[in-house]
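Below is one structure; the comments refer to it alone.
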Protein chains: 2
Amino acid sequence: MEMGYSDSGGQLEQAPGPGSPVEVKPEKGIIGNCLICGEPSTGKHYGIVACLGCKTFFRRAVVQRQDTVCKLETPCEPKLMARKACRACRYRRCLECGMSKEALQPRRDLIGCRRIRNRPNWAVPPPNVMTEEVSKNALLSLIERLTSCDERIRNKKFEILRSKQEALGLANAIKEGICKPNVDHHSKLMIMLASDISNTTQTDLLTLLEWIKTLPVFKLISQKDKELLLKRFAWNHLIIECGTFTAAANVDDVWLISNGTCMPRNVEKLPEESKVAAPLRQLKLMPQELVALRIIMLMNCGGTPEYSGLEEQTHKVTLAFRDKVIAALFAHYEHIEYPNFPERFGSVILMTSGITSAASAMLESYQVMRLFKIVSFDLISQQLLFNG
Amino acid sequence: MEMGYSDSGGQLEQAPGPGSPVEVKPEKGIIGNCLICGEPSTGKHYGIVACLGCKTFFRRAVVQRQDTVCKLETPCEPKLMARKACRACRYRRCLECGMSKEALQPRRDLIGCRRIRNRPNWAVPPPNVMTEEVSKNALLSLIERLTSCDERIRNKKFEILRSKQEALGLANAIKEGICKPNVDHHSKLMIMLASDISNTTQTDLLTLLEWIKTLPVFKLISQKDKELLLKRFAWNHLIIECGTFTAAANVDDVWLISNGTCMPRNVEKLPEESKVAAPLRQLKLMPQELVALRIIMLMNCGGTPEYSGLEEQTHKVTLAFRDKVIAALFAHYEHIEYPNFPERFGSVILMTSGITSAASAMLESYQVMRLFKIVSFDLISQQLLFNG
DNA sequence: TCTTTCTGGTCAAAGGTCGG
DNA sequence: CCCGACCTTTGACCAGAAAG
């Protein structure tokens, strides 16, 4: 905010006009931008980098619990304008960004509430609650860790791809119709896409390899089973990546691959896989859901070891991890007080079937392109995708 | 905000009326005179010392800018009587005195602060424990009702089929190897199965029709959409029915159809659809989960009406019912204190993808049998399964 | 002990409300 | 309608407590 008149009461206070020199901020102490609303922030509050406004807002919201539900039918979108959203949604965003209620202390001026060294006695937890609290926290930090890994790697991927093209710029161009598929330059588009497809596919797969290395369970799995799981997941990975990218670009009726080019398989009919983008866009998967969905699909290896073709050990370990991630996602839902999260979770999981069928459609169309030498794939793609 | 009246409404400590004994008050809080109109002021507003009236006037003038020009030939003289001047001139005086438009903040949310007219009972009738309890019970009875309907109809189906064969008896026979498929009587088996397949398929589909009639939402859906949903679900229905039956029979390595005969598509390789039985057996779906799974798959119609091909109304209604059933299943889990039910629910939902792919495999193999006239299907099967 | 970092509290000054 | 007294909400600043 650009006020701050309060202190200046004594001084001459030269009414800060439009072009006032006062706003020359030497950014004293600014350590970054508020995760919640984007304003400059001078420090961390309740666990995350946040501005003073969001800090105070959060404290008040927790202390005097009120307005817990948004009164709009379509909840406000606090992501870009947290400070203008309604209180319920702003509070929800605080939680989503990771502010922790546990960091709130009881009233300061009550005697006996001081922390003794290293031991917050203001949260003297009964032993049973303690363990439950601990496991909740462990789950929360698990999902946070997984999410940040996933985002870090994905950002890196876009960094790599940007060296070739400005992804969003091209996406916008498409939106404005420059690249809109039509009969006239259909074949031209395909030629243009040939290199794009093999390029982004390779980048996506390398990203996949890098990502699974960050999953601790994968260290417990034999090389053979690793390959099996990877091959099983690779197409789904491509669909999820392209799907979220397409959904984020918010364009209709085209299917974007990660560098922003569009891929119409034919003119009159959109490819099957573009259908998955609509649910993705509508659900607006939060990062935690996205990573959970990916892990669930990667680790979903049927009912029994015999049928999944995996070793007993692998089977047990992956299923256990999958269950843990599901539990972690639920802990996250509860933490951010997401309303009706069972239904939400159901919708998220149900995306798997759409993704699977989109993946087979993609396999089919890529297979054709490969056989007819329209696109040539590198070694890693051959191995992971075409059973090469 | 709907609270905060307590202090003002409780004791009317302020509002000193004209005849109040404290009329000569030193006016606590008065810090000077309004620069604009000369009235006493309690603080600074928009950069200058101003009274409440000028403050609110200025905000409104900026927000809804109107009356920007004075209608008098000789402009009013707002210096001495700002409050009596026309709006244009009063606004001009505000600016001349140094009020700054930049001090205006973006609109706050209207929703969170709106009060209904006439000062509602600020003990807002809350969603208290009672209603929550009621809705829990409503959900529990919903899932119970659905479950018993489902079971009743399925029992009836077996009753019908028993008139032909003793289903479980034959299943046992298979377990003991009498009917185990091998090369020698492969063709004999197929011939035997031809009538079985068409027969049980028909029975299963009639059962399906009877079942969906028990779902109240289906009354709200147009005939066209009903057919669409049914056709979409029919194969999945067959898989679920056969799958649970096979799983219950607890035999390995065969795929049973509902009358207890086994259906090996070829000898050396088991049909794709038999893979779904293993997860079903391992999960041991409880009846509530089974019916919830069926409804979820029946009502799962993608993200948007455009993509699902359904009418807007249908789309909304089915999704709402699906969500309600999910909530009901969760209520059931909580009711029976099932441990780790989120993971359990995840596993149940994840069966959808196995069922879907088994369904396409089944479609393929039945299609072959139909084309080569190995099996002839009745009218209803033709319509629901083969787009006839 | 001194500094850093984060806590809760404060209050001037925003915005909204609803009889007049 | 507009006006403005009155109310709630906001956030920059402050002092104090833990941690280093």
Side-chain angles (χ1 to χ4, degrees), chain A residues 1-9 13 29 31 34 37 39-64 66-67 82-84 86-87 90 100 103-110 113-120 122, chain B residues 1-9 12-16 29 31 34 37 39-64 66-67 82-84 86-87 90 99-100 102-120 122:
Chain A
M1 254 214 48
E2 62 284 310
M3 46 176 294
Y5 297 114
S6 44
D7 58 334
S8 52
E13 149 65 270
I31 67 160
C34 174
C37 69
E39 296 282 305
S41 153
T42 61
K44 289 168 77 168
H45 297 287
Y46 306 109
I48 62 167
V49 175
C51 67
L52 286 168
C54 291
K55 169 208 156 197
T56 311
F57 174 85
F58 183 70
R59 172 161 44 85
R60 273 195 284 253
V62 172
V63 171
Q64 55 211 49
Q66 53 196 16
D67 282 344
R83 275 153 110 137
K84 276 184 251 174
C86 79
R87 281 196 298 286
R90 186 176 178 185
S100 93
L104 272 161
Q105 295 171 8
R107 301 190 65 78
R108 272 275 166 82
D109 24 18
L110 279 155
C113 290
R114 293 289 130 85
R115 272 207 215 189
I116 317 178
R117 285 233 170 251
N118 262 347
R119 196 48 178 260
W122 38 266
Chain B
M1 196 76 226
E2 46 275 20
M3 48 175 298
Y5 287 100
S6 37
D7 52 344
S8 66
L12 39 127
E13 26 109 18
Q14 42 209 170
I31 66 159
C34 174
C37 69
E39 297 281 307
S41 153
T42 61
K44 292 166 73 169
H45 298 287
Y46 305 109
I48 62 168
V49 175
C51 66
L52 282 170
C54 290
K55 166 204 155 198
T56 309
F57 174 84
F58 183 71
R59 184 181 59 243
R60 274 196 281 252
V62 173
V63 170
Q64 52 210 41
Q66 53 193 14
D67 287 340
R83 278 156 107 136
K84 294 209 185 82
C86 77
R87 283 210 294 281
R90 186 176 177 186
M99 271 196 170
S100 112
E102 284 69 31
L104 273 161
Q105 294 174 2
R107 282 171 70 82
R108 292 197 189 152
D109 73 280
L110 297 167
I111 302 303
C113 297
R114 170 123 313 154
R115 267 171 251 161
I116 320 285
R117 278 204 170 259
N118 279 346
R119 180 155 309 194
W122 27 271

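Within every chain, numbering begins at 1; the chains are lettered A, B, ... in the order of the sequence lines, protein sequences first and strands thereafter.
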Residue set satisfying ring pair (Phe, Tyr, Trp, His ring centres under 6.0 Å) with Phe57(B), at least two apart, ordered chain then number -> none

Gap between atoms CD and P, on Glu102(B) and dA14(C) respectively (whole Å): 12 Å

Atom pair distance, as rounded to whole Å: NE2 in His45(A) and C1' in dA12(D): 11 Å

Can you measure Ile48(A) atom CD1 to dT5(C) atom C1' for me and round it to whole angstrom units? 16 Å

Which heavy atom of Ser100(B) sits nearest to which heavy atom of Phe58(B), and what is that distance? O-CE2, 3.9 Å

Determine: side-chain N/O of Tyr46(B) to OP1/OP2 of dA12(C), distance under 4.0 Å, yes or no. no

So how far is it from Leu52(B) CG to Glu39(B) CD, rounded to the nearest 0.5 Å? 10.5 Å

Measure CZ/Phe58(B) against P/dG15(C) and give the value in whole Å, please. 10 Å

Categorize Lys44(A) for me: base, sugar-phosphate, or nothing, with a 4.0 angstrom heavy-atom threshold over every strand shown. sugar-phosphate

Smallest separation among heavy atoms of Cys54(A) and Arg90(A), with atom names: SG-NH2, 3.5 Å

Under-3.5 Å N/O pairs linking protein and nucleotides 3-5 of chain D:
from	atom 1	to	atom 2	distance (Å)
dG4(D)	OP1	Arg83(B)	NE	3.1
dG4(D)	OP1	Arg83(B)	NH2	3.4
dG4(D)	OP2	Arg90(B)	NH1	3.1
dG4(D)	OP2	Arg90(B)	NH2	3.1
dG4(D)	N7	Arg60(B)	NH2	2.4
dG4(D)	O6	Arg60(B)	NH1	2.8
dG4(D)	O6	Arg60(B)	NH2	3.4

In whole angstroms, how far is the P atom of dA12(C) from the CD1 atom of Ile31(B)? 9 Å

Separation of dA14(C) C1' from Met99(B) CE (nearest whole Å): 12 Å

Return the NE2 to OG1 distance between His45(B) and Thr56(B), rounded to the nearest 0.5 Å. 8.0 Å

Mind checking the OG-NZ spacing from Ser41(B) to Lys55(B)? Nearest 0.5 Å is all I need. 10.5 Å

